[in-house]
Trainee: 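Can you keep this structure in mind? I'll have questions shortly.
Hydrogens, waters and symmetry mates play no part in the numbers below; they use all other heavy atoms, side chains included. Fair warning: this is a prediction, and the values are worked out from it, not measured in the lab. Below, chain A is the first sequence line, B the second, and so on; all start at residue 1.
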Amino acid sequence: MTEHQRKFTAIKGMVDVMPPASRLWQNIEEAARRVFGCYGYSEIRTPVTEPTELFRRGVGETTAIVEKEMYTFEDQGGDSLTLRPEGTASVVRAYIESGAAISDPLARYYYMGPMFRRERPQKGRQRQFYQVGCELMGVDSPIADAEVMAMISHFLADAGASDIALEINSLGCPDCRPLFNKALLEFLKKSESKFCADCVRRLERNPMRVLDCKNEECRALTRHAPALPEYWCAACREHFDEVKRALSIMGVEYRENNRIVRGLDYYMRTAFEFTTTKLGSQNAVAAGGRYDGLVKSLGGPDVPGVGCALGMERLILLIEQKGIPLPPLDLIFFAVLGERARYEVLPIIQTLRKDGVRVEWDFAARSLKAQMRRADKLKAEQVVIVGDDEIAKCVAVVKDMRSGTQHEVRLADLPQHFVQIDI
RNA sequence: GUGGCUAUGGUGCAGCGGCAGCACAUCUGACUGUGGCUCAGAGGGUCGUGGGUUCGAAUCCCACUAGCCACCCCA
């Protein structure tokens, strides 16, 4: 195959959302806007690229994302830019840059859009993937953490997802987490040689990850590892208790899982995951937590924050698995016969569309049979048939596709006829 | 980055040394302007790419590429 006739394909791990799936996406986006709006959130739209340094500092130098998954490039001016691998760093940057962090620190933002991570693609994991996320800034109350979880849970239910469980944990704070890490590391070192190769590596990098290993032997070895809750400081313990209390009061079901870990450095205290068993190995549909030090570390005032991000593709997979068909759209199909009729009908179609009626027709002057077949395939509710006979009488034949009955309507009355029916 | 599986019309698959098929989809038609069901017909593939074995390769062998799934990581 020559370069000239080469067939282009989407870049590995980047996929097209084609109709009719795109409608499901629209519905979910709409649900997100509606639900988040009810909780006082406003949309924020940030650029998809940021200075590389923002993510290095925001996400964490030693995270897998920053170490080997970012799409980083130098632009023509010699600046190092990166396609955003997650949303929080950008939102926090904008929050600081706009001055909101100082003038209006209590802020609720939601966002949706593509994120980029260069991983090996598999089910529920792509290189360009779509996240819906929310950030609640300026509140350290544990009720805020619970409210975020309640909102996500509400949204997931509204979007039609089921079989999702909420798991929560507290990662401690800069005061108490180091103590736990130290104790854990000491414990793990004792049997270092018995762990799997991955865990030996984790042991150095992020000891808490070892607790997360799926390997049975590793799990057995860590069964009596130091427990995170034993190391929480009084403030962290109290905060977490309040989160749980608020969740219960709001009627949000959860399960405490002290082995939940976060892959991004900025999380502290509350960490949570909405997980499912229906997506293969990619079990997290949404995840988030509290990141009180982040705003300050990105150059802003010392303002706390909580947030959550949700994987659109995973949510869609979950909803698609349930196989709920989308209801057909209200559609009117014009079947037109003959050149004269085509031009007579054109302004009528235009008027209807301007009135908000969904109208389809066949550009090619095909047989009535072919046009009817097309109308049926598109699941048109009604078909308007206009040929020379009708033009002569200044009428159209309106056929109801469900009942199969049809009657004549004057051409001049068509706009009114359909607008009344549809709206 | 590592492993396993796969690659044949638009889609889903069969064929596993001897003329490239089926289903769905598409298009046309079934007493001339009426869909779904049925029936008849048509178009559409150098069998992922390159090499090798063979009289002969979609089929066997090798390499490459791509996709999927899993590890890893995460949403």
Trainee: With a 6.0 Å cut-off on the ring centroids, do A/Y110 and A/Y41 count as close?
Mentor: no

Trainee: Work out how far the P atom of B/G4 is from that of B/G43, and round it to whole angstrom.
Mentor: 44 Å

Trainee: Quantified in whole Å, what is the P atom distance between nucleotide B/G12 and nucleotide B/G17?
Mentor: 26 Å

Trainee: Ignoring backbone atoms, test whether A/R125 places a side-chain nitrogen or oxygen under 4.0 Å from the OP1 or OP2 oxygen of B/C72.
Mentor: no

Trainee: Determine the Euclidean distance between corresponding C1' atoms of B/G50 and B/U46; express it in Å to zero decimal places.
Mentor: 15 Å

Trainee: What interatomic distance, in whole Å, is found between C1' of B/U26 and the corresponding atom of B/G9?
Mentor: 12 Å

Trainee: Please state whether the phosphate of B/A70, meaning OP1 or OP2, lies under 4.0 angstrom from any side-chain nitrogen or oxygen of A/Q122.
Mentor: yes

Trainee: Contact class for A/I385 (heavy atom, under 4.0 Å): base, sugar-phosphate, or nothing?
Mentor: base

Trainee: Report yes if a donor N or O on one partner sits less than 3.5 Å from an acceptor N or O on the other, where the partners are the side chain of A/Q406 and the base of B/U34; otherwise report no.
Mentor: yes

Trainee: So, is A/K369 near the phosphate of B/U32, with a side-chain N or O under 4.0 Å from OP1 or OP2?
Mentor: no

Trainee: Any strand counts, and the cut-off is 3.5 Å on both contacts for Watson-Crick or G-U wobble. Which nucleotide pairs with B/U2?
Mentor: B/A70

Trainee: Using both distances under 3.5 Å as the test, list the Watson-Crick or G-U wobble partner of B/G41, or none.
Mentor: B/C27

Trainee: Reckon A/K377 touches a base, only the sugar-phosphate, or nothing at all at heavy-atom distances under 4.0 Å?
Mentor: sugar-phosphate

Trainee: In terms of side-chain heavy atoms of A/K123, which of B/A70, B/U34, B/A75 is nearest?
Mentor: B/A70

Trainee: Any base atoms under 4.0 Å from A/R366, or only sugar-phosphate, or nothing? Heavy atoms, all strands.
Mentor: sugar-phosphate

Trainee: Within the structure, does a side-chain N or O atom of A/S281 lie under 4.0 Å from either OP1 or OP2 of B/C71?
Mentor: yes

Trainee: By the 4.0 Å heavy-atom rule, please label A/G124 as base, sugar-phosphate, or nothing.
Mentor: base

Trainee: What interatomic distance, in whole Å, is found between C1' of B/C22 and the corresponding atom of B/G45?
Mentor: 14 Å

Trainee: Counting side-chain heavy atoms from C-beta on, which of B/A75, B/G35, B/G33 comes nearest to A/M372?
Mentor: B/G35

Trainee: Could you let me know what B/G48 is paired to, Watson-Crick or G-U wobble, both distances under 3.5 Å, or none if it's on its own?
Mentor: B/C64

Trainee: Tell me which pairs pass salt bridge (Lys or Arg N to Asp or Glu O under 4.0 Å) where either residue lies in residues 17-30 of chain A, with sequence neighbours left out.
Mentor: none

Trainee: Return the nucleotide paired to B/U34: Watson-Crick means purine N1 to pyrimidine N3 with N6-O4 or O6-N4, wobble means G-U with N1-O2 and O6-N3, both under 3.5 Å.
Mentor: none

Trainee: Which whole number of Å gives the distance between the C1' atom of B/G21 and that of B/C16?
Mentor: 14 Å

Trainee: May I ask you to check whether A/F187 and A/H224 place their ring centers less than 6.0 Å from one another?
Mentor: no

Trainee: What I want to check is whether the side chains of A/Y71 and A/Q128 have a donor and an acceptor closer together than 3.5 Å.
Mentor: no

Trainee: Taking only the side-chain heavy atoms of A/P121 (C-beta and beyond), determine which of B/C68, B/G33, B/A75 contains the nearest atom.
Mentor: B/C68

Trainee: Which class fits the ring pair A/F363 and A/W361: parallel under 30°, tilted 30 to 60°, perpendicular over 60°?
Mentor: tilted

Trainee: How is A/A64 classified with respect to the nucleic acid when contacts are heavy atoms under 4.0 Å: base, sugar-phosphate, or nothing?
Mentor: sugar-phosphate

Trainee: Using the closest heavy atom to pick a nucleotide of RNA chain B for each, name whichever of A/A309 or A/K399 lands nearer the 5' end.
Mentor: A/K399

Trainee: Go ahead and name the base partner of B/U59; Watson-Crick or wobble counts if both distances stay under 3.5 Å, otherwise write none.
Mentor: none

Trainee: For the residue pair A/Q122 and A/S281, confirm or rule out a side-chain donor-acceptor distance under 3.5 Å.
Mentor: yes

Trainee: Take the angle between the ring planes of A/F240 and A/W232 and call it parallel below 30°, perpendicular above 60°, tilted in between.
Mentor: perpendicular

Trainee: Roughly how many Å apart are B/C13 and B/A58, using the C1' atom of each and rounding to a whole number?
Mentor: 14 Å

Trainee: For A/M115 and A/P85, which heavy atoms make the closest approach, and how far apart are they?
Mentor: CB-O, 3.9 Å

Trainee: So what does A/E67 hit on the nucleic acid, given a heavy-atom distance under 4.0 Å: a base, only sugar-phosphate, or nothing?
Mentor: nothing

Trainee: For residues 282-290 of chain A, which residues have at least one heavy atom under 4.0 Å from RNA chain B?
Mentor: A/Q282, A/N283, A/A284, A/V285, A/A286, A/A287

Trainee: Does A/R120 contact B/U2 through a side-chain donor or acceptor facing the base, at a distance under 3.5 Å?
Mentor: yes

Trainee: Would you mind pulling out the nucleotide paired to B/A20, Watson-Crick or G-U wobble, both distances under 3.5 Å?
Mentor: none

Trainee: Identify the two heavy atoms, one from A/Y231 and one from A/P226, that lie closest to each other, and give their separation to 0.1 Å.
Mentor: CE1-CB, 3.9 Å

Trainee: Please give the distance between the C1' atoms of B/C60 and B/G1 as a whole number of Å.
Mentor: 33 Å

